[in-house]
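Start at 1 and go down the list; that is how both ligands and their atoms are numbered.
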Amino acid sequence: MATNINLFTDKEATNWFKACIALNVTKEGLTNFLEKELQKVHSVVGTSCGKCCIEKLIKCPTLKYCKKTKGNNCIFHKSQQPQHCQICDKVKQNIVTLHRYGGPSWRNTHAENWAHDYWEIGKCFLPLDGYSSVSSVQESDFNGVISIMLNCLHFQTCLSSACISPPPPDDACLLEKVRQIGRVVRHTSDCKVTDADLQEYFQTLSTLLVDPNCLQHDPSSTIACARLRDLQNDRLSIKELGDLLKEAYRTLVLAKEAGERFSLEAERTLEQVTKAGERRLKSATHAGQQRLKIKTKVGESTYLRTSH
Ligand SMILES: [Zn+2]
Ligand SMILES: [Zn+2]
């Protein structure tokens, strides 16, 4: 049963809400691809010793990390002093080399887990702060997923040039455009998106999801692409819409935990809408179930009649 997303009387507010859902759908569509590629990155950077934490591997003082207190103690190196480890230093250097801007986000990563957890390597390519406790690609938000693809040079080998040329940080780069959609939607001051902008968002996000290099052949990405089309044409089922609403709300909660900045307006609207939407969907589903029950009963009695 398809349903229209008419949670607002205002068309442009509905558009904004669709854009929020589209970002979530896109992130879901990229998750499998990202996990697979990060496992390759993991094997490329080599195996660490498994004992060194990141504080040990960063010399003191290091800009943006170290901060001396009055007693001349560094806050970052409070619990662990820098110590040379040939094995881990090599892995660390490989991560730096793979970083487009040469500045991995060390604060997010747990280096002692580098040896067995590819996600801890992936986290080095996230924005500088706020993802330390995010434990998987699945748990990461849209901005995190796109940041990894932008910052880690490995993705140049598994995305076509249509996605990464001109290279980031050029605004004309498709991946940069994708990231920008996320920013505009999150930081909105009025929670509205014009029809023309929404069409462009769908177009840009879909272009990424059907990238001929790998994503076109990725089942999750294909599903996401079909979902975007359904969302664009108001063809989502009640069940799907309900799930997406829940997911959109969960993302908001997680993003808030990660210190991600949503505009106050965006946060408030998303919270209200997901709650109101869930209520409406529940009653719609309830009505649907009632209809189904009646139909089944009618069917049963018909069966009883005909079988006698
Ligand atoms: Zn080590
Ligand atoms: Zn320090």
List the atom pairs, with distances to 0.1 Å, where a side-chain N or O of residues 144-155 and a protein N or O form a donor-acceptor pair under 3.5 Å, not counting sequence neighbours.
from	atom 1	to	atom 2	distance (Å)
S147	OG	N143	O	2.7
N151	ND2	F125	O	3.0
N151	ND2	S147	O	3.3
H154	NE2	E37	OE1	2.7

- prompt: SG (C49) to the Zn ion (ligand 1) to SG (C52): angle, nearest 10 degrees?
  reply: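 Vertex the Zn ion (ligand 1), arms to SG of C49 and SG of C52: 100°.
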
message: Within rounding of 10°, what is the angle whose vertex is the Zn ion (ligand 1) and whose arms end at SG of C88 and SG of C85?
response: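 It rounds to 110°.
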
task: May I ask you to decide if V45's main-chain N or O and N94's side chain share a donor-acceptor pair within less than 3.5 Å?
output: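 Checked: pair present.
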
W114 versus T109, side-chain donor and acceptor atoms under 3.5 Å: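 On atom types as modelled, these side chains qualify, holding a pair under 3.5 Å.
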
Minimum-distance N/O/S atom that H77 presents toward the Zn ion (ligand 2):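 Of the nitrogen, oxygen and sulfur atoms in H77, the Zn ion (ligand 2) lies nearest to ND1.
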
task: Could you please spell out the steps behind the side chain to side chain contact (heavy atoms under 4.5 Å, CB included) verdict for K18 and D234?
output: CA-CA 10 Å; K18 280 187 180 177; D234 290 322; 3.1 Å; yes

query: Please state the angle at the Zn ion (ligand 2) spanned by SG of C74 and SG of C66: what is it, rounded to 10 degrees?
result: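 Approximately 110° at the metal, rounded to tens of degrees.
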
